[in-house]
Q: 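First the structure, which I've put down as structure tokens, then a few questions once you've had a look.
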Amino acid sequence: MKTSITELLKRQDAKKEQTIYGAYPENIRRFAITAGDFFCLEPVEDWDGNVWVQRRYEELLGQKKECPVYRSLCSHREALSEEIRRIKQADRSGYGHMEELRALRRARKGVEDAIEDLRSCYEAEVLQRLFRDLGVGKMRLLSYKNTACVGGFFDLERQIPALSAIRLPWIRRTPLLLAGIRSLRRAAEQGRPIGVVGGPCLFGTYEVEIQVRHRDGSRYSFDFSSGRHYDRQHRGGLEFAEHVELHQSDIAEIAFRDWKESVTSQEYDSLEAVFAFGAALGAKVAVPIPDISYLKYLATVLMPLEPSFRIRVLDQFRIHTRRIADLYLELVRHMKEQYPQVETAVLHERNGPLCRLFHEKRETFFRKSGLIDHMTAERQKTDAIFDYISMLALPYYIWGTPQVIQVDNLDETDSYRKCRKVHREAFELSAVLYPERLSADGQETIFNARPEYKEYLDRGTWKVLPKYAGAVREREEEEG
């Protein structure tokens with residue numbers, strides 16, 4: 001579904017003045033969003049700690065807490081706590097000062113209750129002011145899959161000023177899906193370790209073809225990424241996995257061809273965003289290259305076939321995944337030159353130690369969560385899915401960072417939600433998700449576009465190849 005903030009509001013019969021988007025630039029409101037029909041318009045106050053209101057709320061509450069009475073109570077509480085600590089240091093058992101300690105603790109409890117009562121009054125007053133002055137009770141916002149709210153980069157940097165250091169023009173003119181920003185802001189303010197995770201898929205549609213030959217000489221071609229037959233109209237509606245299941249005894253050969261010339265402009269931007277966030281937040285960056293997951297998926301599809309045949313096919317496919325993974329490893333090296341201060345780890349099939357760590361940590365958490373207990377005996381069917389959920393936890397697995405931010409495209413919303421659920425007691429997970437840009441055909445994203453619209457980059461300069469340059473300029477001018 002291709003839509004925009006403007007179209008979504010129109011569909012909800014809502015005027016932009018009734019939403020937070022009334023103050024948004026027009027180019028963000030009409031930016032083409034390709035996503036499923038999972039948007040809802042909800043009251044702002046339904047979003048606890050939402051990025052538009054929370055900062056103003058805390059500013060006003062902080063002003064209230066400057067009241068002499070409140071500050072005096074806080075000082076008195078600290079003095080009582082200090083006296084209790086002094087006595088405990090002198091008499092660790094406390095037996096010699098039991099009555100005095102009890103009196104001090106009762107007094108401190110009374111002061112804490114008074115502070116809490118005063119804070120409750122302040123919170124009520126601040127909320128009333130927000131309702132009156134900002135119209136919080138009336139304004140609405142768009143949410144996606146009840147997981148992330150639709151906003152913009154200026155909302156994000158207002159909450160986390162350190163992100164103002166990010167100078168990527170495309171992300172500033174793109175609507176963003178934001179989730180878990182409150183915990184990210186706290187981590188940034190408190191100087192807690194942060195990890196950033198994200199990056200492109202291995203390849204998109206029309207980049208790797210699966211060629212199937214039957215024993216009778218008939219041939220079939222499928223797109224690896226989508227699974228669809230290239231000539232669906234004449235060959236029927238079967239996808240690759242269904243074809244293997246139905247014709248397993250007829251298949252004589254499976255081969256691959258790939259046409260991936262380089263990384264695309266979208267893939268470059270997605271990886272640079274990860275490094276830019278890492279640099280701005282002083283964070284460590286983990287980049288998963290999902291070749292291991294693609295191999296697991298293919299191994300699952302090929303399960304009906306004879307084992308030695310299956311191994312030969314996987315070995316052939318591995319040649320292509322390694323060539324394509326090398327394109328991203330080259331791009332990662334380029335990014336490390338641009339952002340030398342960012343510590344980086346890259347997960348890919350040939351990084352044996354990191355793969356072992358990933359699988360070990362992943363298994364532990366999925367067993368704790370109980371998800372494995374609900375799986376069928378055919379465990380291999382779920383391994384690739386578990387990879388996509390748990391790859392977002394890589395910074396925690398590798399460095400133990402208590403706060404992780406996923407910087408990725410909005411197709412990863414489900415992975416974000418599931419990863420957060422599985423790891424909810426281990427670390428905080430936030431997300432900044434963006435819609436992928438439309439390609440030069442004006443219909444499909446760059447990921448889904450046909451090869452002539454892919455916007456591949458020259459790996460010497462990392463600029464869009466000349467044959468795409470005119471269309472890219474036109475699109476950027478239109479986006480403003």
Side-chain angles (χ1 to χ4, degrees), residues 153-154 156-157 159-174 176 178 181 184-185 187-202 262-290 324-348 350-351 354 358 391-409 412 427 429-434 436-437 446 455-464 476:
F153 189 82
F154 46 87
L156 194 56
E157 67 180 341
Q159 292 295 297
I160 307 170
L163 296 179
S164 298
I166 295 176
R167 298 297 178 190
L168 306 180
W170 70 268
I171 206 168
R172 291 177 173 273
R173 59 173 182 254
T174 304
L176 302 174
L178 307 174
I181 302 305
L184 179 62
R185 190 187 73 237
E189 290 174 344
Q190 296 168 9
R192 295 165 59 205
I194 298 173
V196 183
V197 64
C201 294
L202 191 61
S262 176
V263 298
T264 67
S265 59
Q266 181 74 66
E267 290 164 342
Y268 182 98
D269 287 347
S270 67
L271 191 59
E272 184 172 27
V274 172
F275 275 82
F277 272 82
L281 294 169
K284 297 178 180 180
V285 161
V287 178
I289 298 176
I324 294 171
D326 283 342
L327 297 176
Y328 294 114
L329 292 173
E330 182 182 359
L331 180 56
V332 168
R333 288 191 290 271
H334 169 71
M335 290 300 172
K336 290 174 75 171
E337 292 173 359
Q338 306 304 306
Y339 299 91
Q341 72 273 43
V342 177
E343 183 176 340
T344 311
V346 184
L347 176 72
H348 60 97
R350 287 165 286 172
N351 188 340
L354 189 51
F358 169 67
M391 280 177 178
L392 305 184
L394 272 173
Y396 176 78
Y397 292 168
I398 300 169
W399 300 295
T401 52
Q403 174 69 51
V404 176
I405 173 174
Q406 175 193 8
V407 181
D408 221 321
N409 73 74
E412 300 302 325
F427 64 91
L429 181 61
S430 306
V432 175
L433 309 176
Y434 47 83
E436 293 201 21
R437 295 191 305 272
I446 295 172
E455 296 183 15
Y456 289 117
L457 304 186
D458 181 330
R459 287 156 56 198
T461 63
W462 300 107
K463 302 294 184 183
V464 173
E476 290 180 346

Q: Side chains of E455 and T264 only: does a donor on one sit below 3.5 Å from an acceptor on the other?
A: no

Q: Is there a donor-acceptor pair closer than 3.5 Å between any side-chain N or O of Q159 and the backbone N or O of R185?
A: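 No, the answer is negative, given that no donor and acceptor are paired below the 3.5 Å cut-off.
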
Q: Do the ring planes of Y434 and W170 sit parallel (below 30°), tilted (30 to 60°) or perpendicular (above 60°)?
A: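 Because their plane-to-plane angle is over 60°, the rings of Y434 and W170 count as perpendicular.
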
Q: Determine whether S265 and I446 make a side-chain contact, defined as any pair of heavy atoms from C-beta on separated by less than 4.5 Å.
A: yes

Q: Any side-chain to backbone donor/acceptor pair from Y397 onto L392? Under 3.5 Å, distance only.
A: no

Q: Between Y268 (side chain only) and V263 (backbone N and O only), is there a donor and an acceptor less than 3.5 Å apart?
A: no

Q: Can you find a pair of side-chain heavy atoms, one from N351 and one from V346, that are under 4.5 Å apart?
A: no

Q: Decide yes or no on side chain to side chain contact (heavy atoms under 4.5 Å, CB included) for I166 and F153, but give the supporting numbers first.
A: CA-CA 10 Å; I166 295 176; F153 189 82; 3.9 Å; yes

Q: For L156 and F277, run side chain to side chain contact (heavy atoms under 4.5 Å, CB included): C-alpha distance rounded to whole Å, both residues' side-chain angles, the deciding distance at 0.1 Å, then the answer.
A: CA-CA 12 Å; L156 194 56; F277 272 82; 4.0 Å; yes

Q: Set out, in order, the CA-CA distance, both residues' side-chain angles and the distance that settles side chain to side chain contact (heavy atoms under 4.5 Å, CB included) for L429 and Y396, then state yes or no.
A: CA-CA 10 Å; L429 181 61; Y396 176 78; over 6 Å; no

Q: Let's go through L281 and L163 carefully: what are the C-alpha distance in whole Å and the side-chain angles of both, what is the deciding distance for side chain to side chain contact (heavy atoms under 4.5 Å, CB included) to 0.1 Å, and is it a yes or a no?
A: CA-CA 7 Å; L281 294 169; L163 296 179; 3.8 Å; yes

Q: Do the side chains of E330 and W462 get nearer than 4.5 Å, heavy atoms only?
A: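 Of all side-chain heavy-atom pairs linking E330 with W462, at least one is under 4.5 Å.
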
Q: Do R350 and L329 have side chains that approach each other closer than 4.5 Å (heavy atoms only, starting at C-beta)?
A: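 R350 reaches L329 side chain to side chain.
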
